[in-house]
Amino acid sequence: MLQIQLTILQSDSYLGLRVNLADFMLPFVGVFILVSLYKKKTKLPIWQKPFAHWCPILLCGVIILSLFTSLVFHGQVSNWALYNKSIGWIILMAYLAMGGWVTTNFNCKFIYGFFFGFIGMFFLIVMYEALTDFIFWELGSKKFGWPGKEISGAMDNRNAFAFLALIAFIIFIVTTLTHVSLYVEKHSNKCKNIIVITSNIFCLFIPIILLLNGSRAFWLSFILAAIMLTFRYRARLVKFTVFGLVIGSLLAPMIYDKSIWRAFSPIAAIKATLSSDGEIYSEINNQKYDNSYDLPRIETLSNALKLNQTYLFTGTGLGGVLKSQSAEHEQVVLDNTPLWIFTEMGPLGFFAFIWVFLIMLQTLYRKPDEMIGIHDALRLSAFYMLLMFGVFSLFHEILYTRVMWFILGIALALPKSSTRLLNQ
């Protein structure tokens, strides 16, 4: 349910409210948790230091202050600022708290079940979309002229799905290699071989997603994640991933022959951005690159930099970037999370987010000699996920990714060298 995304209430004057299917269940789950806390059947989340309750409280304070700033400067609070950013932030903190509550009150089997279910559902969605992309769209485009589509995994935004794919890849690789090194490598070659085969099958779908999704930020983030994981696991990572990645790289163009054009579209995008007429043709399949997607984003980035000169110390307030855009043009979200935070929340809000971000990284990091259980692998997975969020967020606004905050809640409450979880 965290993976299924849709946009509602969209109109000419409002970009719409993007929600996940799980959001509709959140009030009922919240009431259940509050009742269990009131009856003292469960406990509040127990965060691991240096992360603490004051971290989300600080960020909530920044959002409230920015909302007030918007009211002062603009005389009103836009629907985008109130619903998407303010109430949306409360929902994110609810997922964070829920993840911490789950870790504090349930045993490891429940936690592992969520992660395995998340990866399994992701796996099934990718297989389904890859198959329909080939059968329905590709064959349909040849016979009936239907346009192709980019794989987005039941989400309303392909880049959101790309980030989800990156999370799934990191969690699967880190937990799999940790499980092998701790429990399998010294005991069962047969079991190890099964895990190697399973891991390569999973990795087989990564090139398919890279090509059919077309997210340039996914390309860059995946390469950086692969480099970091290679430094961490070295030769073991190669054994568990390379065969699947190679086979997937060969299969992907066969699934959709225009994938090659998509794969090289970043090069054409740069050329189109630098061109005055935008008439850039790819050397592959003689495809014309349409820069109508990139140019508005670049204009929005340029506009945000100008706003920083006017509202340098206070920020524009929530929704200030969209409000500043010309009424004659379609509104475009600022696709750079750090710049968006600095522009709308000011330098104090920006440094508050950076401070909490660094505290979370410090809390989650695990040294190689500290990896004594799968729960440590989950913490390390969240660490790499947060690093890749930092990279991905430079190109897209993905701060409001629900599943990321739920995973962070689970991981930030997992004790170091946990005797409590190991005994359950």
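Atom set for the values below is all heavy atoms of this structure, side chains included, hydrogens, waters and symmetry mates excluded. This structure is a prediction, so every number in the text was calculated from the model and none was measured.
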Is it the case that the side chain of [X] and the backbone of [Y] share a donor-acceptor pair, with hydrogens and angles ignored and the cut-off at 3.5 Å?
X: Ser199; Y: Ile195; result: no
X: Thr69; Y: Gly317; result: no
X: Thr104; Y: Trp101; result: no
X: Thr103; Y: Ala413; result: no
X: Asp335; Y: His396; result: no
X: Arg379; Y: Thr363; result: yes
X: Trp219; Y: Leu210; result: yes
X: Ser221; Y: Phe218; result: no

Could you give me the CA-CA distance, side-chain angles and deciding distance for Glu397 and Leu399, then say whether side-chain contact (heavy atoms from CB on, under 4.5 Å) is met? CA-CA 6 Å; Glu397 209 298 273; Leu399 183 63; 3.1 Å; yes

Going by side chain to side chain donor-acceptor pair (under 3.5 Å), name the residues that satisfy it together with Ser36, two or more places apart in sequence or in a different chain.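 Ser36: side chain to side chain donor-acceptor pair (under 3.5 Å) contacts with Thr42.
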
Smallest separation among heavy atoms of [X] and [Y], with atom names:
X: Leu166; Y: Phe222; answer: CD1-CA, 3.8 Å
X: Ile407; Y: Ile171; answer: CD1-CD1, 3.8 Å
X: Ile167; Y: Met404; answer: CD1-CB, 4.4 Å
X: Ile63; Y: Lys85; answer: CG2-O, 4.3 Å
X: Ala377; Y: Val174; answer: O-CG1, 3.5 Å
X: Ser66; Y: Met345; answer: OG-CG, 3.7 Å

Phe389 vs Phe163, test: side-chain contact (heavy atoms from CB on, under 4.5 Å). Steps then yes/no. CA-CA 8 Å; Phe389 162 78; Phe163 184 55; 3.8 Å; yes

Under 3.5 Å, sequence neighbours excluded: what are the donor-acceptor pairs made by side chains of residues 349-361?
none

Within-4.5 Å side-chain heavy-atom neighbours: [X] and [Y]:
X: Leu339; Y: Leu301; value: yes
X: Tyr384; Y: Leu364; value: no
X: Tyr95; Y: Asp23; value: yes
X: Arg232; Y: Leu237; value: no
X: Leu414; Y: Ile111; value: yes
X: Leu96; Y: Leu412; value: yes
X: Trp340; Y: Thr343; value: no
X: His53; Y: Trp47; value: yes

Look up atom [atom1] in [X] and atom [atom2] in [Y], then write down how far apart they are to the nearest 0.5 Å.
X: Tyr311; Y: Lys306; atom1: OH; atom2: NZ; result: 14.5 Å
X: Ser381; Y: Ile170; atom1: OG; atom2: CD1; result: 8.0 Å
X: Asn79; Y: Leu322; atom1: CG; atom2: CG; result: 11.5 Å
X: Leu334; Y: Phe342; atom1: CG; atom2: CZ; result: 12.5 Å
X: Leu26; Y: Ile33; atom1: CG; atom2: CD1; result: 8.0 Å
X: Leu245; Y: Phe205; atom1: CG; atom2: CZ; result: 12.5 Å

Criterion side-chain contact (heavy atoms from CB on, under 4.5 Å) on Thr241 and Ile173, from CA distance to verdict: CA-CA 8 Å; Thr241 61; Ile173 293 301; 3.5 Å; yes

Which one of Thr337, Asn336, Ile341 satisfies the side chain to side chain contact (heavy atoms under 4.5 Å, CB included) criterion with Ser393?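 The single option meeting the side chain to side chain contact (heavy atoms under 4.5 Å, CB included) with Ser393 is Thr337.
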
Looking at Lys323 and Glu344, is any side-chain nitrogen of the basic one under 4.0 Å from a carboxylate oxygen of the acidic one? no

Answer with yes or no after comparing the ring centroid distance for Trp405 and Tyr400 against a 6.0 Å cut-off, counting only values under it.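 No; Tyr400 has its ring centre 6.0 Å or more from that of Trp405.
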
Step by step, would you call Phe118 with Val403 a side-chain contact (heavy atoms from CB on, under 4.5 Å)? CA-CA 9 Å; Phe118 165 70; Val403 69; 3.9 Å; yes

